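Here the structure is laid out as C-alpha cells; the discussion comes afterwards.
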Amino acid sequence: MDYFLTEEQQMIVDLSRQITDELIIPQRAALDESEEYPTEILDAIAQADLFGLYVPEEYGGLGLGTFDIVLALEEFGRGCVAVATAFAASALGAYPILISGSDELKEKYLPVIATGEKKAAFALTEANAGSDASGIQTTAVLDGDEWVLNGTKQWITNAGQAKIYTVIAITDRSKGPRGASMFVVEDTDPGFSYGPKEKKLGIRCSSTRELIFKDCRIPKDRLIGRQGTGFITVMKTLDKSRPGIAILGVGLGQAALDEAVTYAKQRVQFGKPIISFQAVQHILADMAIQLEAARSLVYSASKHIDAHPKDMSKASSMCKVFATDMAMKVTVDAVQVLGGYGYMREYPVEKMMRDAKILQIYEGTNQIQRNVVGQELNKEYTKKG
Ligand code: COS
C-alpha cells in the first residue's frame, strides 16, 4: 500500500533497504551460526548517518522522529531482527538522556551516539525485576562527589559492545517507584564489568550479557534528570521505543511472507505449484492481511507519538502487541507453507520463527502491554465520567 511518504522518508527507506539487501541478508545466516556481533554492518549504518536519525540537530543528529526511525527499522527487521536489535538498542539507551538528561549530558553523549562512534544500551531488567519494573534491587548511594552503584542487571542488549549505559538504580528504597534514579555509566568506569554472553533461541548475533556493578563509582553529574525520577524516565523511554519493536515485527513478517509466496509459486505437488491450492492461498492471504494491518497501526501510532509526546502509552503498547503477535503467527505460517524445507536451516524461515519470539517478550511482554492499554482505557473512561 502507498503510505504517501515524503521525499526524505523515502530516502531513509531506500538507504536502509540498500544496506539490508547488500549487507544484512547475505550475512544473516552466517551471523546466526557464529553468534558474532555484526560490527561491520553497524559501521555501514553509522556511515549512512542512520544512528543519528532521532537525535536533535543541535547534538549532531538529523532531528527526525519516531516514524522516521521506524522506517529504517522496518527494513533492517526484514533483513535480520538480531542486527536490527543491536541498532535499536542504541536508541533505547540514548532515549533516557534525550528525554530527561541535562544539557551537559546531552552535549557529552548524544553527538557520539548520533555518529555511531559509541553505542548505547539501556539497563533496567534484573533477576527479580522484569515486568515488575519497580522491583529493582540495584542501588546507587551518593558518596561525596560520586555515586556508588551496586547490583547486577540481566539480559542487557548491546552489553559489552556499548560504551554508554543508561542504568536505573534505587536511591531511596522507602519511596517505592519514586525512589529510583537513572544514571549514565561508561564502559571504563571502575567497578563495572560484564557477565558471559547468553546463549539464546534467536537474535543470536546481538550481544546479551549481564552488567555487574561492584562499588562502581561514577561522577555525581551522571545522574539523569532529578533524583527520584528514574521510574518515570524508564516508562517514557519504553513508550517511545516500543513502536521500534513493533515495526521489527512488520519487517520480519514481510520477510516471512516474501519467502512463503516465492516458495509456494515454485513448489510443485500433485502436478501444480502449491500456490494454486486454495488451502495455501488462504494462509498466504491471512499473512498479508495481518501484516498490512500491523504496518498501518505501527505507522499511525508512531505519527501519533511524534505529534503528542505526552500521550504515548496506549498507542505504543497497542502497536507493540498487535505487530509482534502478528510476526509470531506469520513466521509460524511461513514455516508451515515451506513444510519440511521450512524446518531446515538451509531456508531462512526457521530463523525468522526463532527471532519472532523475542518480540513478544522484550521491552515489556505482550501481557504487560495489554495491562497498559487496559489501564489507559480505565483512565480515559473515568475522565469521560
Ligand atoms: N509515563 C509516565 N509515567 C508513568 C508511566 C508512563 N508510561 N507509567 C507509569 N507512570 C508513573 C505512574 O503515573 C506512577 O506515578 P505516581 O507515583 O505519581 O502515581 C508511577 O509511574 C508508578 O506507576 P504504576 O503504579 O503504574 O507502576 P507499576 O509498578 O504498577 O508498573 C507497569 C506499571 C507494569 C506498566 C510497568 O512496571 C512496566 O511497564 N513494566 C514492564 C517493564 C518492561 O518493559 N520490562 C522489560 C525490560 S526493559 S527492555
Side-chain angles (χ1 to χ4, degrees), residues 66 81 84-96 98-100 120-138 152-159 162 165-170 172-182 198 200 203 206-211 224-246 248 301 304-305 308-321 324 357-380 382-383:
T66 306
V81 170
T85 293
F87 169 74
S90 193
L92 178 68
Y95 284 158
L98 194 64
I99 290 168
S100 304
F122 173 78
L124 162 65
T125 303
E126 299 181 2
N128 294 311
S131 295
D132 182 6
S134 58
I136 54 166
Q137 297 294 320
T138 297
T152 301
K153 295 289 174 184
Q154 185 169 277
W155 302 326
I156 304 307
T157 305
N158 274 353
Y165 295 83
T166 48
V167 180
I168 185 164
I170 298 289
D172 184 348
R173 198 171 295 283
S174 67
K175 292 191 174 155
R178 297 244 165 227
S181 307
M182 281 212 92
E198 301 288 353
K200 307 189 292 286
I203 58 162
S206 73
S207 175
T208 311
R209 298 170 70 170
E210 281 179 347
L211 306 184
I224 301 175
R226 279 180 295 110
Q227 200 176 320
T229 59
F231 188 75
I232 305 285
T233 299
V234 160
M235 290 295 119
K236 289 183 181 167
T237 294
L238 292 168
D239 281 348
K240 193 167 165 58
S241 174
R242 283 172 181 153
I245 302 304
L248 294 187
H304 174 89
I305 285 170
H308 306 280
K310 290 195 174 149
D311 176 32
M312 300 190 279
S313 303
K314 193 173 78 175
S316 174
S317 290
M318 273 182 163
C319 74
K320 201 267 186 183
V321 168
T324 62
K357 190 63 210 165
I358 192 61
L359 299 173
Q360 295 178 304
I361 299 171
Y362 67 6
E363 290 200 25
T365 64
N366 283 5
Q367 287 68 32
I368 285 291
Q369 308 311 318
R370 288 177 168 93
N371 286 0
V372 172
V373 174
Q375 282 160 10
E376 291 296 315
L377 285 173
N378 192 4
K379 273 194 236 165
E380 269 174 39
T382 305
K383 262 193 223 155

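Computed from a predicted model, the values in this text were never measured in an experiment. Counting starts at 1 for both ligands and their atoms, in listed order. We number each residue from 1, following the sequence as shown.
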Q.
Looking at K383 and E380, is any side-chain nitrogen of the basic one under 4.0 Å from a carboxylate oxygen of the acidic one?
A. no
Q.
Show me, by chain and number, every protein residue that has a heavy-atom distance under 4.0 Å to ligand 1.
A. L124, T125, G130, S131, A133, S134, R178, F231, I232, M235, L238, D239, R242, S313, E363, G364, I368, V372
Q: Say whether, by atom type as modelled, one donor and one acceptor occur between the side chain of S241 and the main chain of T237 under 3.5 angstrom.
A: no
Q.
For I136 versus K153, what's the shortest heavy-atom pair and its separation?
A. CG2-NZ, 3.8 Å
Q) Distance from I170 atom CD1 to F231 atom CZ, nearest 0.5 Å? A) 10.0 Å
**Q.** Minimum heavy-atom distance between K236 and M312, given as atom pair plus value
**A.** O-CE, 3.6 Å
**Q.** Minimum heavy-atom distance D239-I305, with the two atoms named
**A.** O-CD1, 3.9 Å
